[in-house]
Structures are given as structure tokens and as C-alpha cells.
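Structure, as C-alpha cells:
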Amino acid sequence: MENAPSRRNFLAAGLALPAAASASRSSGAEQSQTQPPGRPSSGAAPQYRILGKTGLRVTTVGYGCMITSDPSVIARAVDMGINYFDTSRNYQNGQNERMVGAALGARRKDVFLASKSNDNPRTGPGILAEIETSLKELNTGYLDVWHLHGLSNPAEITDELVEAAYKAKAQGKIRFVGVSTHNLPAIVDRLLEAKIEVVQPQYSFASAKSYGAAIEKLSAAGVGVIAMKVMARGRGPSRPAAFAPAALKWAINNPAIATTVPSMTDIEQLQQNFKAMGERFTDADAQILSARLEEIGPYFCRMCGQCAGQCPKGLPVPDMVRFVMYADGYGQFPLGRENFQRMSAERQKVRCGDCATCAVHCPNGVQVAARLSRAQQLFAC
Ligand code: SF4
Ligand code: SF4
């Protein structure tokens, strides 16, 4: 099954893609699957890559501010040399942008700052109004990258939205137009057609194999690629201390990834992620991730799309599994509930417990009915 990164095919499905991409850009020498070329073996110093045709020189570990509540951690990250910060007003009940702006203060000019649209409204005038609000909340005159947020099918990337984003760019309010997505393979061709400059997909060791190919396609076209949700936070047994750096290094191993935006809540996590920036991905890391992949199987959706349309009651299975992940994996219950309550009233009323058997089969082992029942239990009014 091509898309399923099971324990058995983990190395082939996940690790081989970054290594293959490395090889295509190197001198042609044969590369090991787990030891990509050209990376320093140790040392806690910033490592940089260029974000596609934007030319931005970004640290390979950026900072995802989604669940940070302590601004001093953000300030410390700037001190250490991390130079890419990602936020959205969607996070922390609308407070995240304001907190990030205050944390950066006068040092905002020293870093690259990205934010995103809300989910509504999705009209050209609505987009322009949202950008104005983001600039005020972040206390900045411009954003380096601004994403149309969470677009997962080509029809959502309308000409109206893209034109509005480019209008903001022409006005100097944003430097580069981006899209964030939880389903990159489904929209990669539309992203290229719409001339999106930066793409931020969910991408981790648990991603379906099709993600690696889609990322390579974007990179080859000069699109800057930023990996989010690199820790694949599914519910499940607690993770060993070495898990987070292993997951981060796995994503950085792919040279098509310019930067990553792991969430960080305290100085210890910051230091751990910063250190990982200069370390090799090892066989021991691969073993940790392989074990974790097996553990999270029942919980973590790889967004492979193979269950699309299978629920006879029309439930968007991957989206709903993700809503639960916000609550159980990130401790972001309000974010999960907000997303759930954006579904149609008809979908919100469906109860998986009313089905004698679930018609949805996940080849990756996600227990669909159980996960969706939890979403209904947690979030339904
Ligand atoms: S739930 Fe659906 S999209 Fe998610 S991994 Fe399973 S088949 Fe793929
Ligand atoms: S159990 Fe839930 S996901 Fe499965 S078929 Fe029924 S409504 Fe759809």
C-alpha cells in the first residue's frame, strides 16, 4: 500500500524521500537512507536555508507560537538566533498575534514574521480586512509571509482570495503570499497554478508518502516550503525524551524543507529544538520514530485521503481526527471546538455511536469511529 508508512515500510516511505532529494542535489555519490549529506554532526548554532524564491534566509528551526503563553520564551528564541516566527489570530482564542507582537517588540525587524487568515470570511474584502487586523495586533507595518490558512482542496483556493493576497503584497502589507494546508497532495497543482510563493503543509515522519513527492514538486518550482506539525502529536502513550528532537531532525533532513515551526512552550523545549538544528538524524532516531509510529497508529491521521467520501453520513473524517488532535495532542480544546463548530449543523448532529458498524476503512489503522465519537463527545453542543 503506497501511502501507508507502517513500521515495516517506515524507512522506505518516510526517510527515503528526504535522502533521495538530497542525493539529487549532491555530487551524485550514493547516500545512506538515514544519514543525509552535508549536515554538521553537532553544535548548537543556527543553521540556515533559503525559503524558495523569496530569498529569505531562514533558520531550519523556526518557532510555531500556537500554544506559547510565555512571551519570554519567544524573546529568548530571538536572542538565540531563531529568525522565523509563525502565528495566527486563530490561536489562543484570538490572543496569539497580540502576544507575539508584544514579545517581539522592537526586535520584530530582526526576524521574519508570518501570520494567517482566519477561516471566515473567505472573500477578497474579508481577506484585506483580516490583514489590517493582523498588522494592528502584531504591531507591525508588514508581514514577511501571510498564509491563506488551512486550505485543503483546490476549490478553496479561489482566484478572488489569491488576488486579494497579491493586492496586499502590492500595497506593501505582506511580502510573500502563502497557503497553509493539512492536505498538501490534494492541492499541490493548484498551488503552483495560483503562483503561491510559500506553502506550509503538515509534514512529519507519520505523513503519507505522497507528501514527500508533493514537497519536492513545490521545491523544484522555487516555492518555499515550511513544515508544520512535525511532532505528529496524536493521542497515545507518553513519548520518550528523545522523541521531539528525532521528529524535528526527520523533517529537517529533507532539504526541500526550508524551515520548521515546532510549537514551544518553555525554555527547555526551545533549547532542545535549537540544539537539534545542528545534529544529524541517526539510526537511533529512526528507531524512536518507528516505535512512535506504531503507537500513534490508532490516533494519528496521515491525511492520505484514502477514506475520502467513505462516510455515508458525509463526515469529513481527516478534519475531525485533526480537531481531536488539537485537544488531546496540543491541549488546545477551544481550537478543536471552534473547528468542529464550523462544520454544518447537519454534520455536527451526526453521532458515530448510532452506526452499527463504521463504513470507513483506514489503511493506516486510525480507529475512525472511536476518534470521531471522541470529537462529538468533546465538541458537540
Ligand atoms: S483517516 Fe483517512 S485520511 Fe486519515 S490516515 Fe486514515 S485513510 Fe488516511
Ligand atoms: S461511524 Fe461515524 S464515520 Fe463511521 S460511517 Fe458512521 S458516521 Fe461515518
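Ligands are counted one by one from 1 in listed order, and the atoms in each one are counted from 1 as well.
- Glu97 pairs in a salt bridge (charged side-chain N to carboxylate O under 4.0 Å, His left out) with only one of the listed residues (Arg89, Arg108, Lys136), which is Arg89.
- The two residues Asn273 and Ser263 have their closest heavy-atom pair at ND2-O, 4.2 Å.
- The nearest N, O or S atom of Cys311 is not closer to atom 6 (Fe) of ligand 2 than 2.8 Å.
- Ser117 and His149 share no donor-acceptor pair across their side chains, judged by distance under 3.5 Å alone.
- In the vicinity of Cys352, heavy-atom distances shorter than 4.0 Å reach the ligand 2 atoms 1 (S), 2 (Fe), 3 (S), 7 (S).
- Listed by chain and residue number, nothing satisfies the salt bridge (charged side-chain N to carboxylate O under 4.0 Å, His left out) test with Glu160 (two or more places apart in sequence, or in another chain).
- Scanning all protein heavy atoms for the shortest distance to atom 5 (S) of ligand 2 gives Ala359 N, 3.5 Å.
- Contact between Phe243 and Ile288 at its shortest, heavy atoms only, is CA-CG2, 3.9 Å.
- Remark: aromatic rings of Phe205 and Phe300 are distant, center separation not under 6.0 Å.
- Near Gly305, meaning under 4.0 Å from one of its heavy atoms, ligand 1 places the atoms 3 (S), 8 (Fe).
- At a heavy-atom cutoff of 4.0 Å, ligand 2 is contacted by the side chain of Leu372 but not by its backbone.
- Scanning the protein heavy atoms around atom 4 (Fe) of ligand 2, the nearest turns out to be Cys358 SG, 2.4 Å.
- Among protein heavy atoms, atom 6 (Fe) of ligand 2 sits closest to Cys355 SG, 2.3 Å.
- Each of Thr87, Thr68, Asp86 was evaluated against Asn96; a single residue qualifies, Thr87, per the side-chain hydrogen bond (donor to acceptor under 3.5 Å, both in side chains) test.
- Heavy atoms of other residues, nucleotides or ligands lying less than 6.0 angstrom from NZ of Lys169 number more than 12.
- Within the 6.0 Å centre-distance limit, the rings of Tyr63 and Phe85 are counted as a close aromatic pair.
- Between Arg347 and Gly314, the shortest heavy-atom distance links the atoms NE-O, 2.8 Å.
- Less than 4.0 angstrom separates some heavy atom of Pro312 from each of these atoms of ligand 2: 5 (S).
- Protein N/O/S atoms closer to atom 6 (Fe) of ligand 1 than 2.8 Å number 1 in this structure.
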